[in-house]
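Take a look at the structure set out below.
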Amino acid sequence: MTKSKDYRKPNYNEKRKIRNFMIPLQNAASFLKEHFIGKIMSYQTETKKADIHFLPSNFMHLCGLEYQKGASSFFDDCLNKHIIIDDLNIKRDGTTMQKLQVLGSIQELLGKHVQLTGSGRYLYLEFDYALRTKKQILALTLKDTPTKTIPQSLLDLKRKAVFPKGEKVISIYSRHLQTSEVIQYYGE
């Protein structure tokens with residue numbers, strides 16, 4: 001894999017911080033595998049609905065990391081507790097540690113305090129939707145592609161003054177892509 005211009009090698013202190021995030025990384029990967037991967041996650045408000053397709057390869061980008069072995073290997077290595085820290089690069093814009101910091105709250109995306117925003121612009125990021133926590137902990141921005149809606153970025157909202165409020169999500173459910181099994185997480 002070629003090194004992207006948006007990423008750089010972490011220094012010693014940054015590697016130490018990444019090591020401290022190994023358990024949250026593993027837990028977040030396990031959480032996503034159990035509830036999101038291989039499913040279409042649906043978030044519905046009174047007036048809109050977002051159907052999100054998560055792939056294992058989305059996880060690395062949400063964490064603000066680049067892995068020499070590739071995005072799918074990063075997800076698998078997190079699940080298998082086998083991340084090679086020397087094979088990681090971090091974002092040049094300094095957001096990697098912020099993203100890793102909110103990973104421990106990713107389960108909030110299945111709770112009753114989720115809001116769905118419309119499109120917006122946040123710093124240098126344009127998105128079509130965002131899922132955010134009511135208490136301004138984190139936001140998951142989403143982007144429409146020609147065939148589906150995919151996760152785009154994970155944001156730490158704790159230190160941010162302004163982010164779209166959105167509408168209260170009244171229903172969260174998943175539909176398994178292979179078995180069509182539906183699991184209701186919140187609402188009716």
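Scope of the values below: all heavy atoms of this structure, side chains included, with no hydrogens, waters or symmetry mates.
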Do Phe163 and Phe127 have ring centres separated by under 6.0 Å?
yes
Let's go through Asn27 and Ile106 carefully: what are the C-alpha distance in whole Å and the side-chain angles of both, what is the deciding distance for side-chain contact (heavy atoms from CB on, under 4.5 Å) to 0.1 Å, and is it a yes or a no?
CA-CA 10 Å; Asn27 292 342; Ile106 199 143; over 6 Å; no
Please check if the number of heavy atoms outside Lys168 that lie under 6.0 Å from its NZ is greater than 12.
yes
Using atom types as modelled and distance alone, determine if a side-chain donor or acceptor of [X] lies under 3.5 Å from a backbone N or O of [Y].
{"X": "Glu126", "Y": "Ser119", "answer": "no"}
{"X": "Thr96", "Y": "Leu65", "answer": "no"}
{"X": "Lys99", "Y": "Leu154", "answer": "yes"}
{"X": "Thr133", "Y": "Leu138", "answer": "yes"}
{"X": "Ser153", "Y": "Thr141", "answer": "no"}
{"X": "Tyr43", "Y": "Leu109", "answer": "yes"}

side-chain contact (heavy atoms from CB on, under 4.5 Å) between Ser174 and Tyr185, worked out:
CA-CA 8 Å; Ser174 68; Tyr185 291 100; 3.6 Å; yes
Please test Lys9 against Asn89 for side-chain contact (heavy atoms from CB on, under 4.5 Å), starting from the C-alpha separation and ending with a verdict.
CA-CA 5 Å; Lys9 280 285 183 200; Asn89 291 322; 3.3 Å; yes
Within this structure, what is the CD-OG1 distance for the pair Gln101 and Thr95, rounded to the nearest 0.5 Å?
12.5 Å
Rounded to the nearest 0.5 Å, what's the gap from OG on Ser30 to CG on Leu25? Could you check?
10.5 Å
Examine the side chains of Asp156 and Gln98 and answer whether a donor and an acceptor come within less than 3.5 Å of each other.
no
Could you tell me if Asp144 and Thr149 have a donor-acceptor pair between their side chains, going purely by distance under 3.5 Å?
yes
Beyond-backbone contact of Tyr67 with Ile84, side-chain heavy atoms, under 4.5 angstrom:
yes
Is the closest side-chain heavy-atom distance between Leu103 and Phe59 below 4.5 Å?
yes
Between Leu55 and Ile150, is the side-chain contact (heavy atoms from CB on, under 4.5 Å) condition met? List the steps.
CA-CA 8 Å; Leu55 297 172; Ile150 59 170; 5.9 Å; no
